[in-house]
Amino acid sequence: MSEQPKRTLVTSALPYANGPIHIGHIAGAYLPADLYVRYLRARGRDVVWVCGSDEHGAAITLRARKEGTTPRAIVDRYHEEMQEAFTGLDIAFDHYDRTSSKEHHAFAQQFFLDLLEKGAFTEETRQQFFDPVEQQFLADRYIQGTCPKCDHDKAYGDQCEKCGSALSPDELINPVSTLSGATPEMRETTLWYLPMDRHEDWLRSYLEQGELDGSAHHDPKAWKSHVIGQCKSWLDGGLQSRAMTRDLDWGVPVPVEGAEGKVLYVWLDAPLGYITATKNWAERNGADWEPYWKDADTQLVHFIGKDNIVFHCIIFPILLKERGGYLLPHNVPANEFMNLEGDKISTSRNWAVWAKEYVDDFPGRSDEMRYVLASIMPEQKDAEFTWEDFQSRVNNELADVLGNFVNRVVVLTSKYFGGKVPAASGEWTETDVALRDLIAATPGQVGDAIEKFRFRDALQHAMGLVRAGNKYLTEEEPWKVVKQDEQRTADILNLTLQVTANAAIVLAPFLPRTSARMAEAMGTAELPWDAAGGDLVPAGQPLGALPILFEKVTDEQVEAQRAKMGPDAEALGLRDVEPEKPQTTFDDFQAMDLRVAEVVAAEKVKGADKLLQLTVRTGYDERTVVSGIAEHFSPEDVVGRKVTLLANLAPRKIRGVVSQGMVLMASTEDGGLRFVTPEEGAEPGDIIR
RNA sequence: GGCGAGGUAGCUCAGCUGGUUAGAGCGCAGGAUUCAUAAUCCUGAGGUCGAGAGUUCAAGUCUCUCUCUCGCUACCA
């Protein structure tokens with residue numbers, strides 16, 4: 001393939017319609033694709049990006065049974081919800097399809113028949129568990145029993161979740177069907193297998209040398225090391241046959257006589273969804289789909305998470321090559337995983353940031369999440385998302401660096417030049433030239449990085465232009481220069497306006513909404529990528545309105561988001577309290593002298609509503625402590641009580657009385673106070689530690 | 001158990017085919033500044049590059065051993 005492909009087909013992993021989308025999905029397969037595609041579109045390249053819901057597979061039928069509903073109801077629900085989540089984050093597919101559509105079923109069936117005809121499969125009859133009550137064969141996950149390794153009695157047919165060992169259903173002791181509770185029996189079933197070992201040789205040269213059918217196909221060095229590594233690992237181990245059909249009633253029926261009750265394996269059916277989606281896209285847009293999948297001038301790129309590598313780099317290519325006539329992927333820039341607040345993202349533990357919830361909680365602020373996820377994208381290794389980091393990136397980088405820069409440029413221009421772009425003299429100083437060079441260089445740097453799937457790097461370059469703009473303003477001080485030299489002021493502001501307009505272009509893939517606002521503020525339409533690099537706003541052009549580009553994220557918002565995560569708080573009896581203070585050290589704790597003390601006298605402090613003057617006995621002395629508890633306790637209430645005293649607190653004069661310590665109180669939810677009282681038997685002077 | 005990918009400043013991460021004093025952003029300390037969303041800019045402190053051994057004139061960068069994390073997978077590599 002040539003350096004510059006004629007057209008590009010981009011796919012993102014079909015999300016499984018069995019649960020909502022979270023930021024790990026977004027950062028893994030959708031945002032990077034969106035950035036890549038927006039960039040290519042901005043460059044005027046021919047690019048189509050397809051995706052869709054993956055709606056088959058055993059997990060969905062299992063879930064439907066559990067919820068007492070149909071698989072159809074499940075996939076309909078999530079198909080809707082996932083689309084809303086994507087739309088809300090401005091993830092702009094050209095087409096979003098679904099694998100349960102008639103078109104997809106028809107296409108997948110035909111594809112299967114084509115493969116069958118070419119002899120791509122082997123037919124094998126095997127013994128498999130059958131549920132006599134439900135009259136159907138049981139997928140591995142439908143069987144539960146006692147684990148032969150650890151005796152856990154709820155192990156599944158494919159894995160024991162307690163000891164982690166992988167199992168096959170016939171290893172289970174006392175197997176039981178999870179559908180009916182009946183004891184399953186062994187029956188014969190026929191499955192079609194894909195003998196992958198036949199394909200090892202060409203796969204090896206395809207993956208390792210980037211060669212296909214004896215000629216160069218792609219640059220293997222452009223692939224990520226963990227992707228190549230994973231594939232080599234599979235090849236070195238020798239590829240096994242893999243069943244391409246399943247005994248299930250939900251999925252694409254195997255279009256062969258006598259194969260009732262059998263469907264295509266979900267990993268055969270799902271990637272074909274990319275093709276169906278492309279066909280449906282073409283039909284709706286009056287285009288021809290075939291060049292996108294068959295023309296050698298097309299570049300095919302799959303965006304996925306690391307858990308899908310083997311399917312996209314080995315199994316799907318085998319299917320495509322066996323079928324013939326279809327392109328194989330030119331790159332599969334799989335991302336690693338996103339962790340969350342120090343732990344793995346987990347749907348079942350509700351340890352996630354749900355895309356849809358973010359969109360609801362932060363309406364109109366998709367750019368902020370896009371920015372943060374792009375900044376920490378797990379390109380080469382697992383990454384970590386924390387809400388605190390989100391807050392600091394939004395506040396420090398988006399609001400303070402970018403938002404404030406645009407604001408100061410616009411404000412200065414309206415102050416000194418009535419809101420119109422001032423004419424530059426054309427005489428540039430050395431610093432001007434340096435900045436103009438950076439303007440010229442940035443689009444190329446950002447674009448190169450994006451084309452190499454180095455999105456974090458690309459964003460750094462784009463933001464670098466803005467940072468340089470801030471530096472330039474601070475150093476050139478137009479607010480001072482304006483007092484002596486209006487032309488120089490015009491030159492400075494003209495240049496910063498050019499920086500802003502250029503930044504709008506190079507940031508557009510990352511921050512589509514903000515970029516549009518920046519262009520509007522500069523009084524220009526949104527400009528294509530290739531316009532960037534030089535002067536964009538002409539002298540005399542009136543600037544447009546500039547809203548506040550980024551609101552700051554508050555501590556309260558951060559706390560609210562963190563509180564949402566994890567097991568249902570009410571279920572655990574948790575409550576909404578002040579967040580824990582920052583970690584402290586043992587030494588700091590040791591510095592405090594806590595003692596048991598007894599209140600021997602108490603009186604109100606004159607002229608103070610809240611204060612009681614207490615006389616406490618510590619066992620080694622008697623001292624005065626002023627305590628802000630008068631609203632809750634009268635002097636009679638407290639005399640004779642044993643309390644906890646912070647004894648070595650620096651003395652302080654409160655309302656004229658010297659207080660030598662502090663009595664510890666628990667403040668309750670209703671705003672009341674309770675003494676922290678030592679258990680019976682503790683005597684004044686006892687050290688608390 | 002096997003294989004793959006990671007383990008680099010307090011935090012999040014860059015470091016291409018081995019080459020002068022290991023970088024960025026944030027955070028921290030000090031300073032400058034006021035056009036601006038108390039924003040911005042400068043300077044500085046801070047790392048025995050997971051541990052150990054080896055190859056080399058030279059290793060974060062190659063080899064081996066160990067260890068931790070994540071992923072894939074299985075009595076097969």
Side-chain angles (χ1 to χ4, degrees), chain A residues 24 28 149 158-159 164-168 171 197 200 221-222 224-240 242 305-311 313-314 334-339 342-345 371-373 375-386 388-417 449 452 454 456-461 463-464 466-483 489 492-493 496 546-553 582-583:
Chain A
K149 311 211 166 146
D158 55 349
Q159 189 186 21
S165 33
L167 305 168
S168 74
E171 289 181 86
D197 52 317
E200 283 173 15
K221 289 205 181 93
K224 299 190 184 190
S225 53
H226 69 267
V227 174
I228 296 278
Q230 179 89 61
C231 294
K232 276 187 184 168
S233 163
W234 271 68
L235 287 173
D236 291 346
L239 297 176
Q240 311 291 313
R242 190 175 272 246
K306 67 172 157 180
D307 50 342
N308 282 344
I309 289 171
V310 62
F311 299 106
C313 300
I314 292 183
N335 271 345
E336 304 254 355
F337 283 176
M338 180 74 83
N339 292 323
D343 207 345
K344 284 196 254 192
I345 291 180
Y371 179 85
V372 172
L373 293 182
S375 305
I376 62 172
M377 194 171 273
E379 290 171 352
Q380 341 242 13
K381 58 180 165 189
D382 289 356
E384 169 98 4
F385 179 96
T386 66
E388 202 181 325
D389 180 64
F390 173 85
Q391 178 188 35
S392 103
R393 285 182 191 275
V394 169
N395 293 356
N396 300 331
E397 298 175 30
L398 286 180
D400 293 350
V401 174
L402 174 57
N404 183 47
F405 170 70
V406 178
N407 191 51
R408 56 201 299 218
V409 168
V410 169
V411 168
L412 287 168
T413 306
S414 61
K415 259 188 194 168
Y416 303 147
F417 296 100
K452 288 178 182 158
R454 301 174 59 110
R456 308 160 61 125
D457 205 27
L459 185 51
Q460 283 301 309
H461 280 299
M463 286 298 285
V466 177
R467 290 180 196 277
N470 267 325
K471 182 182 162 90
Y472 178 79
L473 270 183
T474 302
E475 284 173 356
E476 296 302 314
E477 304 180 304
W479 50 91
K480 280 188 186 165
V481 176
V482 72
K483 291 169 190 159
T489 311
I492 294 168
L493 288 185
T496 57
L546 178 70
I548 289 288
L549 289 177
F550 301 100
E551 301 280 352
K552 299 232 174 166
V553 174
Q583 209 166 60

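Labels below follow one simple rule: chain letters A, B, ... track the order of the sequence lines, proteins then strands, and each chain is numbered from 1.
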Under 4.0 Å, counting only non-hydrogen atoms across every strand here, what does [X] touch: a base, just sugar-phosphate, or nothing?
{"X": "K232(A)", "answer": "nothing"}
{"X": "V310(A)", "answer": "nothing"}
{"X": "I309(A)", "answer": "nothing"}
{"X": "K480(A)", "answer": "sugar-phosphate"}
{"X": "E551(A)", "answer": "nothing"}
{"X": "F550(A)", "answer": "base"}

Take the protein atom [atom1] of [X] and the nucleotide atom [atom2] of [N], then report the distance between them rounded to whole Å.
{"X": "F417(A)", "N": "rC35(B)", "atom1": "CZ", "atom2": "P", "result": "16 Å"}
{"X": "N395(A)", "N": "rG25(B)", "atom1": "CG", "atom2": "P", "result": "18 Å"}
{"X": "E476(A)", "N": "rA32(B)", "atom1": "CD", "atom2": "P", "result": "21 Å"}
{"X": "D236(A)", "N": "rC72(B)", "atom1": "CG", "atom2": "C1'", "result": "14 Å"}
{"X": "L235(A)", "N": "rU73(B)", "atom1": "CG", "atom2": "P", "result": "15 Å"}
{"X": "F337(A)", "N": "rU69(B)", "atom1": "CZ", "atom2": "P", "result": "17 Å"}
{"X": "Q230(A)", "N": "rA5(B)", "atom1": "CD", "atom2": "P", "result": "9 Å"}

For [N] versus [M], give the span between their [atom1] atoms, rounded off to a whole number of Å.
{"N": "rA38(B)", "M": "rA32(B)", "atom1": "C1'", "value": "15 Å"}
{"N": "rU8(B)", "M": "rC62(B)", "atom1": "P", "value": "16 Å"}
{"N": "rG30(B)", "M": "rC68(B)", "atom1": "P", "value": "42 Å"}
{"N": "rG52(B)", "M": "rG27(B)", "atom1": "C1'", "value": "33 Å"}
{"N": "rG71(B)", "M": "rG18(B)", "atom1": "P", "value": "32 Å"}
{"N": "rG6(B)", "M": "rG15(B)", "atom1": "C1'", "value": "15 Å"}
{"N": "rU55(B)", "M": "rG60(B)", "atom1": "P", "value": "16 Å"}
{"N": "rA9(B)", "M": "rG46(B)", "atom1": "P", "value": "15 Å"}

Name the residue closer to the 5' end of RNA chain B, choosing between G238(A) and I548(A) according to the nucleotide with the nearest heavy atom.
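Counting from the 5' end, the first nearest nucleotide belongs to I548(A).
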
First encountered from the 5' end of RNA chain B, between G229(A) and T474(A)
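The residue closer to the strand's 5' end, by nearest nucleotide, is G229(A).
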
Please evaluate residues M338(A) and L373(A) with respect to the criterion side chain to side chain contact (heavy atoms under 4.5 Å, CB included), reporting the C-alpha separation (whole Å), side-chain torsions for both, the decisive distance (0.1 Å), and the verdict.
CA-CA 9 Å; M338(A) 180 74 83; L373(A) 293 182; 3.7 Å; yes

Paired nucleotide for [N] [Watson-Crick or G-U wobble; both distances under 3.5 Å]:
{"N": "rU17(B)", "answer": "none"}
{"N": "rC72(B)", "answer": "rG2(B)"}
{"N": "rU40(B)", "answer": "rA32(B)"}
{"N": "rG47(B)", "answer": "none"}

Among N404(A), L546(A), L473(A), N470(A), the one residue meeting side-chain contact (heavy atoms from CB on, under 4.5 Å) with V409(A)
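Looking at N404(A), L546(A), L473(A), N470(A), the match for V409(A) under the side-chain contact (heavy atoms from CB on, under 4.5 Å) is L473(A).
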
Quick one: which of [options] gets closest to the side chain of [X]?
{"X": "R408(A)", "options": "rA36(B), rC70(B), rU33(B)", "value": "rA36(B)"}
{"X": "K306(A)", "options": "rG25(B), rU37(B), rC70(B)", "value": "rC70(B)"}
{"X": "K552(A)", "options": "rG71(B), rA38(B), rC26(B)", "value": "rA38(B)"}
{"X": "N404(A)", "options": "rC35(B), rA39(B), rU40(B)", "value": "rA39(B)"}
{"X": "K415(A)", "options": "rC35(B), rU37(B), rG71(B)", "value": "rC35(B)"}
{"X": "A399(A)", "options": "rC26(B), rG6(B), rU37(B)", "value": "rU37(B)"}

Protein proximity profile, nucleotides 8-14 of chain B - base contact B, sugar-phosphate-only contact S, no contact -, cut-off 4.0 Å on heavy atoms:
B---SSS

Sub-3.5 Å donor-acceptor pair from the side chain of [X] to the main-chain atoms of [Y], do we have one?
{"X": "E379(A)", "Y": "R456(A)", "result": "yes"}
{"X": "K552(A)", "Y": "A399(A)", "result": "no"}
{"X": "N407(A)", "Y": "G403(A)", "result": "no"}

Within the supplied structure, the quantity of interest is the number of heavy atoms (other residues, nucleotides, ligands) at a distance under 6.0 Å from E477(A) CD; does it exceed 12?
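Yes.
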
Are there over 12 heavy-atom neighbours, none belonging to E551(A), within less than 6.0 Å of that residue's CD?
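No, not enclosed.
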
Looking at K221(A), does any N or O in its side chain come under 4.0 Å of the phosphate oxygens OP1/OP2 on rC16(B)?
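For rC16(B), neither OP1 nor OP2 has a side-chain N or O of K221(A) closer than 4.0 Å.
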
What verdict does the side chain to side chain contact (heavy atoms under 4.5 Å, CB included) test give for M463(A) and Y371(A), after you've listed the backbone C-alpha separation in whole Å, the side-chain angles of each residue and the deciding distance to 0.1 Å?
CA-CA 11 Å; M463(A) 286 298 285; Y371(A) 179 85; 3.8 Å; yes

Under a 4.0 Å N-O cut-off, is there an ion pair linking D382(A) with K344(A)?
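No, D382(A) and K344(A) are not salt-bridged.
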
May I ask you to decide whether E336(A) forms a salt bridge with K381(A), counting only side-chain N to carboxylate O separations under 4.0 Å?
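Salt bridge flag = no for K381(A) with E336(A).
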
Do N407(A) and rA36(B) have a side chain to base donor-acceptor pair shorter than 3.5 Å?
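No such pair is found, so the answer is no.
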
Quick test: give all pairs of protein nitrogen or oxygen and nucleotides 27-29 of chain B nitrogen or oxygen below 3.5 Å, distance rounded to 0.1 Å.
{"from": "rG27(B)", "atom 1": "OP1", "to": "N396(A)", "atom 2": "ND2", "distance (Å)": "3.1"}

Which residue in the set H226(A), K306(A), Q380(A), K224(A) passes side-chain hydrogen bond (donor to acceptor under 3.5 Å, both in side chains) when paired with N335(A)?
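One option only clears the test, and that one is K224(A).
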
Report the C-alpha separation of K415(A) and L493(A) in whole Å, then their side-chain angles, then the decisive distance to 0.1 Å, and conclude whether the side chain to side chain contact (heavy atoms under 4.5 Å, CB included) test is met.
CA-CA 11 Å; K415(A) 259 188 194 168; L493(A) 288 185; over 6 Å; no

